[in-house]
Amino acid sequence: MRLSSDSLSSSLSPDLADNSVVCLMAPTASGKTALAYELYDTGRYELISVDSALIYRDMNIGTAKPTATELARYPHYLVDIINPMQSYSVAEFVSDVARLIDRCHQNGKIPLLVGGTMMYYMALLDGLSPVPDSDNSVRARVEQWRQDEGIEALYDYLGKVDSVSHQRLNATDTQRITRAVEVYLQTAIPLSDWQRQPKQALAHNPKQQWHALAVMPERPWLHERIEQRLDIMWAEGLVNEVIGLLERYPLTPNLPSMRCVGYRQVLEYLVHIKHPILEQPHLDKAQFYEAFGECEALITDKSKQHITTQRNMTQPQCQSHLLIANSQTEALACQQMQNKALYATRQLAKRQYTWLRKLVQLSDNSTASLTNTALSSDMNDFKNNKIMLHSFTTMEQAREYLF
């Protein structure tokens, strides 16, 4: 799969084979959706979302989800498929994509996988370990354990039954620690043992021709785009959207949906200002205050270093969506929420960049080490398959290349 950028012009013909699968991979806010729409308009493609936030119904503003009008004009598979209370595993995603790729090919179309969830792409390109899905009863038991004794108790237990996972995971990584404990209680086999077993990826299918397009824009340009998009989200009412979700669903801060960038910062803000929505009887207020009980009055110095533009906290964007915040303290909480969301989004983009760079490095250097990244370090199958990888610095380059 070695491919240098100098050979791009002759590598991918507009006349793609009928069995092609195209992955459009790029960081958040880089313009993937606009290019996907153009490709759909050619009549050759069907769109499959590769986004772990767009799967949720009623989460529209903070996920930058296409509007209802856009979705009617440009239908996407795997958008609005579950509610925010539900979970959706990577294994379920892979199974759904396998079925949808076959459907697209049967329709005489090329599946265009578009999105920025690199964990999903990793599963498609590198494969999944045969770890069984969590049993609901085991999941409930572990969650109750966590609530009763804290994540520290689960982490200590993991050290006794799966020392490899214990050393690999951060002591505060609630999601992964919980999952590792669930796997052991359900199977009596450590998660690390499951992960060492051979993997098989959809992209290894010899009957399909996979093209992975990695777009990595210049950082300053992308940071400006991220800030502009967040400004639009605040103006469109992201805070009100989260309040509406809390009114409708018995949400908790540890749900995957509420860990999405933007939504988590709004939840922290609502806790900080003691918003009355948290008094609703169907919500467990204690869980929210436990999750955000040490809200900082000011954003951390580390975050400040990554935010070059500080807005005036009395600007209209803060005031437009503050339902009850009239005091200076509450206005400061609003500013802190916006700054933290900006920082978190930039960190997300940084992780996406890292993943894409390692993927491109792998294509050009068979000795590249992928340890401690989203991709595994044992990638022999991946390097030897027929995936064609192409890298660009702008979405326009990718567009010109495809057209």
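Throughout, residue positions are numbered sequentially from 1 according to the sequence presented. Here the structure is a predicted model, which is why all the values come from computation and not from measurement.
Within a 6.0 Å sphere centred on CG of D102, heavy atoms belonging to other residues, nucleotides or ligands number more than 12. Within 6.0 Å of the CD atom in E218, the count of heavy atoms belonging to other residues, nucleotides or ligands does not exceed 12. For E70, the CD atom is densely surrounded, since the number of other residues' heavy atoms within 6.0 Å is greater than 12. By the neighbour-count criterion of 12 heavy atoms within 6.0 Å, atom CZ of R219 is densely surrounded, having more than that number from other residues, nucleotides or ligands. More than 12 heavy atoms of other residues, nucleotides or ligands shown are found within 6.0 angstrom of CZ on R259.
Note that CG of L245 is 12.5 Å distant from CZ of R57, once rounded to the nearest 0.5 Å. Between the CG atom in L113 and the OH atom in Y121 there is a gap of 6.0 Å [rounded to 0.5 Å]. Here the OG1-OH distance, from T178 to Y155, works out to 13.0 Å after rounding to the nearest 0.5 Å. For the atom pair CG (L47) and CG (L39), the distance works out to 8.0 Å, reported to the nearest 0.5 Å. Considering CZ of R351 and OG1 of T354, their distance stands at 9.0 Å, rounded to 0.5 Å. Note: T393 OG1 to M216 CE = 8.5 Å, rounded to the nearest 0.5 Å.
Side-chain contact between H166 and V161 is absent, with no heavy-atom pair separated by less than 4.5 Å. Counting only heavy atoms from C-beta outward, the side chains of R139 and S87 approach each other to under 4.5 Å. With a 4.5 Å cut-off on side-chain heavy atoms, V50 and C23 do not count as touching. Taking 4.5 Å as the limit, some side-chain heavy atom of Y157 sits within range of a side-chain heavy atom of L185. Between T252 and M258 there is no side-chain heavy-atom pair separated by less than 4.5 Å. Under the 4.5 Å side-chain criterion, counting only non-hydrogen atoms from C-beta, C334 is not in contact with W234. Side chains of L267 and V242 form a contact here, defined as non-hydrogen atoms less than 4.5 Å apart. Taking the side chain as every heavy atom from C-beta outward, L246 and F288 approach each other to under 4.5 Å.
Across every non-hydrogen atom of H275 and I243, the tightest pair is NE2-CD1, 3.5 Å. The minimum heavy-atom distance between N83 and Q86, with the atom names listed, is N-OE1, 2.8 Å. Listed here is the closest heavy atom pair of K32 and A29: NZ-N, 4.4 Å. Across every non-hydrogen atom of A333 and I273, the tightest pair is CB-CG2, 3.9 Å. Nearest heavy-atom pair, L222 versus A349, reported as atom, atom and distance to 0.1 Å: CD2-CB, 3.9 Å. Minimum heavy-atom separation, C104 to I48: SG-CD1, 4.3 Å.
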task = Verify side-chain contact (heavy atoms from CB on, under 4.5 Å) between Y88 and L78, making sure each step is shown before the conclusion.
result = CA-CA 11 Å; Y88 183 69; L78 303 185; 3.8 Å; yes

inquiry  = Checking Q336 against E268 for the side-chain contact (heavy atoms from CB on, under 4.5 Å) test, could you report, in this order, the C-alpha distance in whole Å, the side-chain angles of both residues, the deciding distance, and whether it holds?
reply    = CA-CA 10 Å; Q336 176 185 347; E268 181 177 353; 4.0 Å; yes

message = side-chain contact (heavy atoms from CB on, under 4.5 Å) for V21 and L202? Distances and angles first, verdict last.
response = CA-CA 10 Å; V21 179; L202 290 187; over 6 Å; no

Step-by-step side-chain contact (heavy atoms from CB on, under 4.5 Å) determination, I101 to W210 = CA-CA 11 Å; I101 287 174; W210 282 64; 3.7 Å; yes

inquiry  = Under the criterion side-chain hydrogen bond (donor to acceptor under 3.5 Å, both in side chains), I'd like the reasoning laid out for W221 against T394: C-alpha separation, chi angles, the key distance, then a yes or no.
reply    = CA-CA 10 Å; W221 178 88; T394 69; over 6 Å; no

request  = Determine, step by step, whether R73 and D41 satisfy the salt bridge (Lys or Arg N to Asp or Glu O under 4.0 Å) criterion, reporting the C-alpha distance in whole Å, the side-chain angles of both residues, the deciding distance to 0.1 Å, and the verdict.
outcome  = CA-CA 10 Å; R73 175 69 181 83; D41 280 336; 2.7 Å; yes

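When atom types are taken as modelled, the side chain of E241 and the backbone of I61 share a donor-acceptor pair closer than 3.5 angstrom. Side-chain atoms of R229 never come within 3.5 Å of backbone atoms of T28 as a donor-acceptor pair (strictly under, hydrogens ignored). The main-chain N or O of V90 is never found under 3.5 Å from a side-chain atom of Y120 such that the two would form a donor-acceptor pair. Judged by distance alone, the side chain of R264 and the main-chain N or O of P253 form a donor-acceptor pair under 3.5 Å. A donor-acceptor pair is defined here as one N or O able to donate and one able to accept, closer than 3.5 Å; no such pair exists between the side chain of S129 and the backbone of V131. For H105 (side chain) and S20 (main-chain N/O), a donor-acceptor pair under 3.5 Å exists by modelled atom type. Judged by distance alone, the side chain of E92 and the main-chain N or O of S89 form a donor-acceptor pair under 3.5 Å. Although no hydrogens or angles enter the test, the distance criterion places a donor-acceptor pair under 3.5 Å between the side chain of Q186 and the main chain of D135. For T117 (side chain) and S52 (main-chain N/O), a donor-acceptor pair under 3.5 Å exists by modelled atom type. No donor-acceptor pair under 3.5 Å is formed between the side chain of E236 and the backbone N or O of M233.
Ring-plane geometry between H211 and H390 is classed as parallel, the angle between the planes falling under 30 degrees on a 0 to 90 degree scale with a further cut at 60. Taking the six-membered ring where tryptophan is involved, the planes of Y37 and H76 are perpendicular, since the angle between them exceeds 60° and thus also 30°.
With no hydrogens or angles considered, no side-chain donor-acceptor pair links D51 and S49 at under 3.5 Å.
Between K65 and D58 there is no salt bridge, since no side-chain nitrogen of the basic residue lies less than 4.0 Å from a carboxylate oxygen of the acidic one.
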